[in-house]
Amino acid sequence: MTGDTSLVVPYLQGERFLVSQTDHHLGTLRQGDERTFTVDLLNQAGESVQVHGAQRDCSCLVTDEFPVTIEPGQRLSLGVRVHVPDQPGAFEQHVTFYTTSPEKPRIFVTARADVVAQEGPNPSEMTP
């Protein structure tokens with residue numbers, strides 16, 4: 001049905017335009033790094049849904065080009081590229097996708113990371 005166990009409960013509750021994980025913790029990143037993650041959308045509704053744009057908190061988040069149409073039964077992955085700021089500390093930014101779905105006219109996505117100074121090896125590249 002959905003291919004993603006996190007989507008089963010919303011589907012059983014009657015949702016037909018399904019969204020995978022919307023809160024992404026990207027781990028520990030260095031200043032100036034770039035990381036990409038995806039937001040998966042699954043259209044189980046009887047009509048096409050268009051994602052016609054996105055609004056971001058800042059220039060740190062960049063998304064795919066719009067508009068895109070998701071046909072009934074189709075899955076689409078939207079790419080979100082995060083540009084990590086130059087200040088160390090907690091990082092949190094938001095992006096809102098706008099759709100033509102009556103169920104979900106807006107999809108709110110959060111990207112979080114712990115930013116460390118540029119010096120030394122990247123913690124996410126280190127092996128135990």
Side-chain angles (χ1 to χ4, degrees):
M1 170 192 60
T2 65
D4 183 342
T5 57
S6 69
L7 302 178
V8 172
V9 171
Y11 184 85
L12 292 174
Q13 292 174 338
E15 292 184 30
R16 294 300 178 255
F17 185 60
L18 303 164
V19 182
S20 70
Q21 179 182 358
T22 57
D23 191 1
H24 295 264
H25 193 285
L26 306 175
T28 302
L29 302 174
R30 289 189 304 197
Q31 296 168 313
D33 276 355
E34 184 175 288
R35 190 62 45 98
T36 300
F37 65 90
T38 59
V39 176
D40 294 321
L41 308 175
L42 177 61
N43 183 5
Q44 295 288 40
E47 58 189 40
S48 299
V49 173
Q50 187 177 72
V51 181
H52 50 86
Q55 180 178 17
R56 344 175 252 270
D57 278 358
C58 72
S59 61
C60 301
L61 292 170
V62 179
T63 59
D64 291 335
E65 293 185 26
F66 298 104
V68 293
T69 300
I70 310 165
E71 298 299 332
Q74 185 180 23
R75 178 183 297 269
L76 177 72
S77 293
L78 295 173
V80 179
R81 189 170 56 247
V82 176
H83 299 282
V84 178
D86 289 332
Q87 301 85 13
F91 167 80
E92 179 176 314
Q93 293 297 323
H94 307 274
V95 62
T96 303
F97 294 98
Y98 295 94
T99 80
T100 58
S101 167
E103 281 183 17
K104 288 189 176 71
R106 290 180 202 87
I107 300 167
F108 303 101
V109 176
T110 302
R112 304 173 205 279
D114 299 311
V115 180
V116 296
Q118 185 66 27
E119 303 121 32
N122 185 338
S124 65
E125 295 172 357
M126 295 172 58
T127 57

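What's counted below: heavy atoms across the whole structure, side chains too, no hydrogens, waters or symmetry copies. Just so you know, residue 1 is the first one in the sequence shown, and it goes up from there.
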Given Thr69, Thr99, Ile70, the one that forms side-chain contact (heavy atoms from CB on, under 4.5 Å) with Gln50: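 When side-chain contact (heavy atoms from CB on, under 4.5 Å) is applied between Gln50 and each of Thr69, Thr99, Ile70, only Thr69 qualifies.
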message: I need the single residue from Val68, Leu41, Leu78 that forms a side-chain contact (heavy atoms from CB on, under 4.5 Å) with Phe97. Which is it?
response: Leu78
message: When you measure from the side chain of Lys104 to the backbone of Leu18, do you find a donor-acceptor pair of N or O atoms at a distance under 3.5 Å?
response: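 No, because the side chain of Lys104 does not come within donor-acceptor range (under 3.5 Å) of the backbone of Leu18.
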Distance from [X] atom [atom1] to [Y] atom [atom2], nearest 0.5 Å?
X: Phe91; Y: Leu29; atom1: CZ; atom2: CG; value: 8.5 Å
X: Gln44; Y: Gln74; atom1: CD; atom2: CD; value: 11.0 Å
X: Leu76; Y: Glu71; atom1: CG; atom2: CD; value: 11.0 Å
X: Arg56; Y: Gln93; atom1: CZ; atom2: CD; value: 11.0 Å

query: Do Asp23 and Thr110 have a side chain donor and acceptor closer than 3.5 Å?
result: no
- prompt: Is any side-chain N of the basic residue among Glu34 and Arg81 closer than 4.0 Å to the acidic one's carboxylate O?
  reply: yes
Taking every non-hydrogen atom, the tightest pair across Pro72 and Ala45: CB-O, 3.3 Å
is_close_aromatic(His24, Phe37), centroid dist under 6.0 Å: yes
task: Could you state whether Tyr98 and Val80 fall into the same hydrophobic cluster, counting links through intermediate Ile, Leu, Val, Met, Phe, Trp or Tyr residues with side-chain heavy atoms under 4.5 angstrom apart?
output: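 Looking at the clustering, Val80 is in a separate group from Tyr98.
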field: Phe108 side chain reached by Val19 side chain, heavy atoms, under 4.5 Å
entry: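 The answer is no; the side chains never approach within 4.5 Å.
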